[in-house]
Amino acid sequence: TFILGYLAIVFEDQVDINKSATALMMGVLCWTFVGPATGMSFKEVVHALDESLAEIAQIVFFLVGAMSIVETVDAHKGFSIVTDKIQTTSKRELL
């Protein structure tokens, strides 16, 4: 299931299927087969899924907040303080 989903993501242009849809279906199918394949009970699978979703939600909420701050600073030209000080156009000197 994982390998087929991964291949569908890799060859997205050829199969005309959205990466997000493929990734969501791959996740659902992988979690569907985790329980029976490992001998976990339904409650154990739900608990493991809850933990995974909680971790993903923490990352997503952090990224949304960080992106909002960056977008607000950029909208008010907050990065111009730094970019105005850069005089060189050489990539080597910038590093």
Side-chain angles (χ1 to χ4, degrees):
T1 303
F2 177 79
I3 293 171
L4 291 175
Y6 193 79
L7 288 173
I9 290 171
V10 169
F11 296 110
E12 173 194 18
D13 292 334
Q14 289 80 13
V15 294
D16 291 331
I17 297 176
N18 189 319
K19 286 182 209 174
S20 300
T22 303
L24 285 171
M25 284 305 298
M26 182 176 56
V28 167
L29 290 174
C30 284
W31 273 106
T32 301
F33 297 126
V34 162
T38 60
M40 295 170 67
S41 70
F42 178 74
K43 287 185 178 185
E44 291 172 330
V45 172
V46 169
H47 180 70
L49 184 57
D50 284 344
E51 288 179 359
S52 294
L53 287 175
E55 289 176 19
I56 293 168
Q58 288 175 351
I59 294 169
V60 168
F61 288 141
F62 170 78
L63 291 175
V64 167
M67 291 186 320
S68 298
I69 292 169
V70 169
E71 189 64 31
T72 302
V73 170
D74 188 41
H76 294 285
K77 308 292 185 214
F79 296 115
S80 64
I81 296 169
V82 175
T83 55
D84 290 345
K85 301 289 183 191
I86 299 173
Q87 302 295 323
T88 185
T89 57
S90 168
K91 290 182 183 179
R92 184 175 297 267
E93 288 181 26
L94 284 174
L95 290 175

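Keep in mind that what you see is a predicted model, and the values were worked out from it rather than measured.
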| query | Under 4.5 Å between side-chain heavy atoms, hopping through other hydrophobics if needed: is there a path connecting Ile59 to Ile56? | reply | no
| Atom CG of Asp84 and atom CZ of Phe79: how far apart are they, to the nearest 0.5 Å? | 13.0 Å
| Between Ala8 and Thr22, what is the shortest heavy-atom contact and its length? | CB-CG2, 3.6 Å
| note | The reported gap from CD in Glu55 to CD in Gln58 (rounded to nearest 0.5 angstrom) is 7.0 Å
| Joint hydrophobic cluster, Val73 plus Phe62, side-chain heavy atoms closer than 4.5 Å | no
| said: Using every non-hydrogen atom in the two residues, find where Ile17 and Glu12 come nearest and quote the distance to one decimal. | reply: O-CG, 3.0 Å
| query | Do you know which two heavy atoms are closest between Lys85 and Ile81, and how far apart they sit? | reply | CG-O, 3.2 Å
| remark: Output for pair (Lys77 NZ, Thr83 OG1), nearest 0.5 Å, gives 9.5 Å
| message | Could you measure the distance from the CG atom of Asp74 to the CE atom of Met67? Nearest 0.5 Å is fine. | response | 13.5 Å
| query | Is the closest side-chain heavy-atom distance between Ile9 and Met26 below 4.5 Å? | reply | yes
| task | May I ask whether Phe11 and Phe2 are part of the same hydrophobic cluster, defined by side-chain heavy atoms of I, L, V, M, F, W, Y residues being less than 4.5 angstrom apart, directly or through others? | result | yes
| query | Just wondering, are more than 12 heavy atoms of other shown residues or ligands nearer than 6.0 Å to CD1 in Ile86? | reply | yes
| note | Separation between CD (Gln87) and CD (Glu93), nearest 0.5 Å, reads 11.5 Å
| task | For Ile3, look at atom CD1 and say whether over 12 heavy atoms of other residues, nucleotides or ligands are found less than 6.0 Å away. | result | no
